[in-house]
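Atoms considered below: every heavy atom in the structure, side chains included; atoms not considered: hydrogens, waters and symmetry mates.
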Amino acid sequence: MPTFSLASLKKIYFKNKLKFLELAFLSLFLAFLPSLEAPKNIFLAGYLITALYRQSQLPPSKWTIWDWVFLSLIASSFLSALFPFMAGGSEWKGFRGMLLWITFGWTLFRTDYNEKEKKYLFIFAILMTLPPLLWGLTQLLILFTKDSLQLHSVGHVNHSAIYLCMMAGASLSFLISQLQSAQKKYIFITSLLFIFLISSVIISQSRGAFGIIFLLAFALFLLSKLPIKIKTIYVVLFSIFLINIVFITPAPVIEKQITNQNNHDILSQRDKVWRVSFEVARLNPLLGIGGGNWKQIKIDQIKSSVESRGETFDIEKYALQYGHPHNIYLSNLVDRGILGFITFLSFMFIWLITLINSYKKFNQDSKSMLFIMGSFSAWATIFGIGFVNTTFHHENALLALFFLSLHLSYLRQKNQLKLFN
């Protein structure tokens with residue numbers, strides 16, 4: 001685990017005070033990301049201003065495929081705001097959100113942080129989840145002021161579960177990196193950290209996060225280059241734990257799913273929301289209705305869309321009372337149309353190809369695998385849970401782009417960003 005003494009900080013950053021300020025802003029942003037809204041926004045602004053100014057003073061770096069990816073995400077969102085189905089809604093607010101998230105990831109991707117600085121940021125982000133998580137557990141289990149586990153700034157239980165899922169995956173990535181390296185002095189602490197975070201995902205009772213975190217954990221163990229003996233021990237223990245909380249002593253999240261099945265509502269009315277999404281997508285197929293305009297849609301518009309095809313409209317089959325489509329793919333199709341949907345899928349597949357290439361190149365290097373597995377944790381969470389929830393927004397988008405950009409920045413400095421050799 002990287003440590004920085006006061007003497008070493010002075011030695012490293014005395015001649016580069018601007019970089020120190022930039023890292024300080026980024027650290028404070030990460031500290032408040034899951035905790036407090038106002039400080040988070042202030043320090044994010046401070047980081048972006050400082051980082052972009054400092055990068056403008058450096059020699060221009062080579063334009064890569066990922067620069068085009070980031071630009072295309074911003075451009076598709078801009079076009080949907082410029083030509084929305086309904087003007088005067090929240091389309092520009094939706095664009096500003098996308099612009100902010102992508103700008104953060106793009107800026108971090110182009111930083112010149114060294115490996116120790118990246119590792120420090122990776123670990124610091126995980127540790128800064130603990131204060132709001134402990135407070136959320138206190139509210140849920142001791143004070144009884146909340147009926148679900150929530151991180152204060154992240155909010156809704158499902159959104160908090162998405163954040164925790166990424167962090168649990170990142171903590172497991174750090175644990176595997178430690179096991180794979182020569183230095184194993186932090187294994188006990190990192191094991192406890194992972195157990196605590198995955199337990200919190202289970203406590204959240206988010207079925208999507210529950211399924212993805214266990215699939216992710218098995219994938220990370222099996223893809224790691226740990227000795228077979230160690231890998232087998234962890235996988236067996238993990239399997240026993242999973243069998244216990246699913247079949248022997250069902251966890252509340254499993255009981256919740258059984259109850260839904262008995263009530264013939266496995267998807268918790270998501271199927272009704274998805275039907276609405278397909279009808280809304282027809283209103284402006286190419287560019288969508290504009291980010292944030294979901295709440296502007298009226299049931300009469302859905303009825304007209306259905307009846308225009310000569311079909312009978314049954315209001316019981318549609319649900320508009322939820323704030324978003326509860327599916328990241330449909331959300332992109334609805335908000336940004338076919339253009340935005342294709343752009344987002346391209347982002348997903350290019351990220352996946354980058355992960356595969358990185359794994360093939362660096363799977364024997366524990367230092368590299370830390371960033372690769374952290375990025376994979378974000379990818380699996382966003383696009384896995386994304387089938388049942390809107391995952392790429394606000395704190396979760398920023399966190400996913402944080403892990404992605406650390407990975408991409410590492411590859412850029414190794415000159416390994418080509419998708420096809």
Between Y329 and W274, is the gap from one ring center to the other below 6.0 Å?
no

Under a 3.5 Å threshold, yes or no: a donor from one side chain and an acceptor from the other, between E37 and S153?
yes

Testing the 3.5 Å rule here: is there a donor-acceptor pair between the side chains of H324 and S331?
no

Rounded to the nearest 0.5 Å, what separates atom CD1 in I189 from atom OG in S171?
13.5 Å

So CG of L149 and OG of S160: to nearest 0.5 Å the spacing works out to 6.5 Å

Heavy-atom donor-acceptor pair, S72 side chain to V69 backbone, under 3.5 Å
yes

Answer with yes or no whether the side chains of Y120 and S27 bring together a donor and an acceptor at under 3.5 Å.
yes

When you compare the side chains of S268 and N260, does any donor N or O come within less than 3.5 Å of an acceptor on the partner?
yes

If you count every heavy atom of other residues, nucleotides or ligands that lies below 6.0 Å from K367 atom NZ, does the total exceed 12?
no

Between the side chains of T259 and Q257, is a donor N or O closer than 3.5 angstrom to an acceptor N or O?
no

For L108 and L26, run side chain to side chain contact (heavy atoms under 4.5 Å, CB included): C-alpha distance rounded to whole Å, both residues' side-chain angles, the deciding distance at 0.1 Å, then the answer.
CA-CA 10 Å; L108 184 57; L26 181 53; 4.0 Å; yes

Would you sort out whether I176 and M373 count as a side chain to side chain contact (heavy atoms under 4.5 Å, CB included), showing the intermediate values?
CA-CA 9 Å; I176 292 173; M373 290 188 293; 3.8 Å; yes

Do H152 and S35 meet the criterion of a side-chain donor-acceptor pair at a distance under 3.5 Å?
no

Taking all non-hydrogen atoms of both residues, which atom of L140 and which atom of D147 are closest, and how far apart?
CD1-C, 3.7 Å

Looking only at heavy atoms, which two atoms of I162 and T381 are closest? And how far apart?
O-CG2, 3.5 Å

Once you round to the nearest 0.5 Å, how far does CG of D365 lie from OG of S358?
11.5 Å

Looking only at heavy atoms, the pair that brings L151 and Y163 closest together is CD1-CD2, 3.5 Å

Does atom CG of N415 have more than 12 heavy-atom neighbours, drawn from other residues, nucleotides or ligands, at distances under 6.0 Å?
no

Under 6.0 Å between ring centres: does that hold for F32 and F43?
yes

Taking every heavy atom of L339 against every heavy atom of L79, the minimum-distance pair comes out as CD2-CD1, 3.7 Å

Would you list the pairs meeting salt bridge (charged side-chain N to carboxylate O under 4.0 Å, His left out) in which at least one residue belongs to residues 237-247, sequence neighbours left out?
none

Between F392 and F347, ring centroids under 6.0 Å:
yes

Show your reasoning for whether side chain to side chain contact (heavy atoms under 4.5 Å, CB included) applies to L48 and L100.
CA-CA 9 Å; L48 289 175; L100 178 64; 3.8 Å; yes

Salt-bridge contact D67-R110 (side-chain N to carboxylate O under 4.0 Å):
yes

Hey, can you tell me if F383 and F344 have their rings parallel, tilted or perpendicular (30° and 60° cut-offs)?
tilted

Any Lys/Arg nitrogen of R309 or E279 sitting under 4.0 Å from an Asp/Glu carboxylate oxygen of the other?
yes

At what distance, to the nearest 0.5 angstrom, does CG of L330 lie from CZ of R275?
12.5 Å

Side-chain donor/acceptor of N244 to backbone N/O of I240, under 3.5 Å
no

Measure from the ring center of F376 to the ring center of F403 and say whether it is less than 6.0 Å.
no

Rounded to the nearest 0.5 Å, how far apart are CD1 of I187 and CG of L179?
4.0 Å

Report yes or no: does S377 contribute a side-chain atom to a donor-acceptor pair with the main-chain N or O of G169 at less than 3.5 Å?
yes

Quick check against the 3.5 Å criterion: does E117 have a side-chain atom that pairs as donor or acceptor with the backbone of N114?
yes

What orientation do F238 and F214 show, parallel under 30°, tilted 30 to 60°, or perpendicular over 60°?
tilted

With a cut-off of 6.0 Å (strictly less than), are more than 12 heavy atoms of other residues, nucleotides or ligands near CD1 of I315?
no

Can you tell me how far the CD atom of Q55 sits from the CG atom of D112, to the nearest 0.5 Å?
7.5 Å

Judged by modelled atom types alone, do S368 and Y410 share a side-chain donor-acceptor pair under 3.5 Å?
yes

Under a 4.0 Å threshold between the charged nitrogen and the carboxylate oxygen, would K317 count as salt-bridged to D271?
no

Test side chain to side chain contact (heavy atoms under 4.5 Å, CB included) applied to L408 and F371, W106, W351, F70, the passing residue
F70

Is the distance from the ring center of Y234 to that of F221 below 6.0 Å?
yes

Modelled atom types, side-chain donor and acceptor of W66 and T354, under 3.5 Å
yes

Taking all atoms of both residues into account, what is the closest heavy-atom pair of N389 and R270, and its distance?
ND2-NH2, 4.0 Å

Ionic contact status for K118 with E115, cut-off 4.0 Å
no

Please tell me whether H394 and H159 form a close aromatic pair, meaning their ring centres lie under 6.0 Å apart.
no

May I ask you to check whether F174 and F194 place their ring centres under 6.0 Å from each other?
no

Please report the closest heavy-atom contact between W294 and S277, naming both atoms and the distance.
CH2-OG, 3.5 Å

Atom NZ of K361: over 12 foreign heavy atoms under 6.0 Å
no

Considering residues, nucleotides and ligands other than Y53, do more than 12 of their heavy atoms fall under 6.0 Å from its OH?
no

